Structure formats: structure tokens, C-alpha cells
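Below is one structure, written out as C-alpha cells, with a few remarks after it.
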Amino acid sequence: MISSRLKLKGDKVIWIVVFLLSLFSFLSIYSAGSNLQWTYGRISAFALLLRHAMHVLMGWLIIWMLHNIHYRYFAPVSVILLVPAVILLLYTLSQGYTIGNANASRWIQIPMLGITIQSSVIAGLILMVYLARTLSKRENPAEWTFKMVVWQILAPIFLVCGLIFPANFSTAAIIFAQAILIMIIAPFPNKYVFYTIGAIVAGLAFFIAAVVTFPDLMPNRVDTWKARIENFFDGNADNNYQVERSKMAIANGGLLGTGPGKSTQKYFLPQSSSDFIFSIITEEYGFVGAVSVLFLYFLLLVRFLLVATRAKSLFGSLLVVAAGFGIIIQALINMGVAVNLLPVTGQTLPLLSAGGSSIWTICAAIGIVQSVSRFSSEDLDKADKISDDNAAISNQTTQMHEQEANEIYA
């Protein structure tokens, strides 16, 4: 009885990929985390590993719980949770605090539990589910009016992204990109998609003009964004310490790497267990290890696409895009930063980097995708069974009528 209830359903390949990434994360975290005690003297690698293990186990529990809930129930829940999510963002913006090298208020602590959460990632997932629910309500684009678009779509997007933006520009940008992607895929008027993009461009232009005119408006964050962009295009090693160390780690890896735990750059990279863990993976496992990690994320993308196309409803398809594609986007951004294709953003590598709320949110997204996969298949099986039963009854009725007719004629 217990084993049947604990049985994992949904897409088997997704389960395998998530398990492999989670398992590999223990090796990476234990190795990359050794610099915390060496550099900062605040936590040992083993203590970090135990904490990461608890986060991963909690994350797997979240996946299992959510994949047992029919995905149609996520629609009303997202509407209910959207307001508390906005309130949580407001509280974080005013009362939050920093962790590590972050210079913005991104985290809040749950009283008595001592657990810190990053409210932006939680609010982002809730917003994505809400958009999937709202956009799936109308399958005819002509049904959308300007007033409906403003209040039901644009207002939640700009409110959530606007509250995340001051403390975490990269996360706000990812959430906005996901929102645009869902709007493009959904049966939604294209003109409103362009209006939304135009509005955000105009808003950014107004913000840039404001900070240029009033330099003291947000000096801490604006200086950080400006420095990161300038360092990215400048290419000066003295001004781009993290990226240069990351590139050195990747170069040291070669084809097969230096071996597990034998990274040297982990002692110099400040965020070796989170933002730049891909660099440590490449140094220790080489080009082969880096390509293997990239392949696992590519496999996840393929399975997400399959689940989305096989969903029995528009909401199910949009839900997979809303919940799953953000994981792939975040992974590509993290790896792009590590190889100096993108400016430093502070995004973690999903399922591989250390973290608490980031791991749990990613696992929640995977649980939602697995719910769509599981119940779409079960609904299809039920429909096929009903169809077969109806066909059997019809055949049986036909045979009875034929038998009665033969008896009458006889």
C-alpha cells in the first residue's frame, strides 16, 4: 500500500534527469563549498553538504507532493496566492536583508524556523501559473479587449517585475521574458505582445533618464549594474575578477578535467558553490563534464516540449511552458555568465547550485510539469477505456439485434 502511494508517475525521463542532476550536485557542492571555510571561515564543506542534502530532500518531497495533485487545481491557487506574493515582495523590498556578496535586499527570514527565502523566485513561479491560467481562459484572440489585457495581464506582470527589479534585475528580466514567451505561444493578440514590449522599453528608458538626472536615486544598485555591463564589454581582468577566475577554471579543465575535488579556482571564486559552480564543474570534469551537464538540460527541454504537446488542455500546455521553460532559461544564463557570453547576473544553476528557496521553487516547477504529464496520460487512458467500453457495448448490442432478427426470420 505504501509503495503504491510512493510510486513516481509522470515523465520517467524527467525523473531520471532530475535525479542525476541532484546526485551530481552533492559532488559539486562538497568540492566547491570548501572555499567557504578557507576564504571566509564561516562554514565547513561538510556542513554545507548536509544543508544542501536537506534542501534537496525537501525539494524532492515538493516534487512528489505536487505531482500527485491534478494540475487543474493550480489555476485557482495561483489567483489566491498572487496577492500574498506581491505583499511578500513589498516586505522584502523594505525589510529584507543581504546574504554573501549581494548588495540588495533579496531575502527574508521566517520567524522561529531560521529559514531564509528569496521571495522573488516564489513570486515569479506564482505569476507564471497565473498567466497560464488567465491566457488559457480565452482560446479566441478576438475575445481580448484592451481593458482586460491591462488589468488581467499587464498589471500583474509589471507589478511583480517592478517590485523585483530594484533588488534583482536579472530575475525580473527572466520573469518578464517568460511572460512574453507565454503570451506568444498562447492564443493572444500579437499587438498586445508588442505593446507590452514597447511599454517595458519605454519604462527602462524613463528609468535610465531618471538615474542619470538623479544619481542618488538608487546609487547602490545602479552602480552595480553599470559596473557589470562596463566590465563585460571592457574585458579588463582587473575589473572583472570573478569572470576571469571562471575562465581560468574552465581553461584548467581541458578535455577530462583535473578530477573530482581537485579544483584550484574554487579557493578564489567568491560564489563557487552557487553562481559559478559550472566553472568548477568544468575544471574538475573537463569539457566532457560540461557537455554532459548541458545535454541533461537539453534533454529536460525536449521532455518539457513533449509534455506540453501531449497535454489534453490549453492550460496544461501553457502551464508546462510557464513552469518548465524558466528552468532552462536560467541554466543557459548561468552557463553563459561562466563562459563570459553574458554579464554577471547572480543566477544559480538549477538543481546543481547551493540554495534553499531557489531549489524548492525549481522543484515545485518540476512537480507542476510532472502533474501535467501524469494526469494528461491518465485522462487519455480513461478516455480510451471509455471509448473501448462504448465500442464493446455497441458491438454487443448490434450482435443481440442481429440474433433477434435471425430468430424472427427463422
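Excluded from the calculations below are hydrogen atoms, water molecules and symmetry mates; all remaining heavy atoms, backbone and side chain alike, are included. If you're wondering where the values come from, they're calculated on a predicted model, not measured in any experiment.
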### Task
Could you tell me which residues satisfy side chain to side chain donor-acceptor pair (under 3.5 Å) with Ser371, sequence neighbours excluded, listed by chain and number?
none

### Query
Taking it one step at a time, do Ser246 and Gln265 satisfy side chain to side chain donor-acceptor pair (under 3.5 Å)?
CA-CA 8 Å; Ser246 174; Gln265 294 305 313; over 6 Å; no

### Task
Would you please name every residue forming a side chain to side chain contact (heavy atoms under 4.5 Å, CB included) with Leu294, sequence neighbours left out?
Leu332, Met335

#### Entry: Thr264/Glu283 under side chain to side chain donor-acceptor pair (under 3.5 Å): CA gap, chis, key distance, verdict
CA-CA 8 Å; Thr264 57; Glu283 183 178 12; 3.1 Å; yes

### Nearest atoms (heavy-atom pairs only) where Pro189 meets Pro141
CG-O, 3.3 Å

### Query
What heavy-atom pair brings Ile200 and Phe158 nearest, and what distance separates the two atoms?
CD1-CE2, 3.8 Å

### Query
Going by the salt bridge (charged side-chain N to carboxylate O under 4.0 Å, His left out) test, which pairs reach into residues 298-309, not counting sequence neighbours?
Asp11-Arg303

#### Entry: CA sep, side-chain torsions, deciding dist, call: Gln347, Thr171, side chain to side chain donor-acceptor pair (under 3.5 Å)
CA-CA 8 Å; Gln347 294 296 319; Thr171 299; 2.9 Å; yes

### Message
So, using side chain to side chain contact (heavy atoms under 4.5 Å, CB included) as the criterion, who are the partners of Met148 when residues are at least two apart?
### Response
Arg138, Trp144, Thr145, Gln152

### Query
Ile250 and Ala338: which non-hydrogen atoms are nearest, and at how many Å?
CD1-O, 3.5 Å

### Task
Just do the side-chain contact (heavy atoms from CB on, under 4.5 Å) check on Ile280 and Phe276 with the steps written out, would you?
CA-CA 7 Å; Ile280 306 304; Phe276 287 93; 5.8 Å; no

### Query
Does the pair Thr348 and Gln330 meet the rule for a side chain to side chain donor-acceptor pair (under 3.5 Å), with working shown?
CA-CA 7 Å; Thr348 58; Gln330 183 177 332; 3.0 Å; yes

### Reported CG-to-CG distance for the pair Leu81 and Leu127, which is rounded to 0.5 angstrom
12.0 Å

### Pairs touching residues 165-182 that satisfy salt bridge (charged side-chain N to carboxylate O under 4.0 Å, His left out), sequence neighbours left out
none

### Query
What are the two closest non-hydrogen atoms of Ile29 and Leu352, and how far apart are they?
CD1-O, 3.5 Å

### Query
Taking all atoms of both residues into account, what is the closest heavy-atom pair of Ser25 and Val56, and its distance?
OG-CG2, 4.5 Å

### Task
Please report the closest heavy-atom contact between Ala311 and Gly316, naming both atoms and the distance.
CB-C, 3.8 Å

### Task
Could you tell me which residues satisfy side chain to side chain donor-acceptor pair (under 3.5 Å) with Ser22, sequence neighbours excluded, listed by chain and number?
Trp60

### Task
Please find out if less than 6.0 Å separates the ring center of Tyr71 from that of Phe74.
no

### Task
Please work out whether the ring planes of His67 and Trp15 are parallel, tilted or perpendicular, with thresholds of 30° and 60°.
perpendicular

### Task
Kindly indicate, with the supporting measurements, whether the criterion side-chain contact (heavy atoms from CB on, under 4.5 Å) is fulfilled by Leu125 and Tyr130.
CA-CA 9 Å; Leu125 180 59; Tyr130 166 82; over 6 Å; no

### Message
Using side-chain heavy atoms (C-beta onward) and a distance below 4.5 Å, is Val369 in contact with Phe304?
### Response
yes

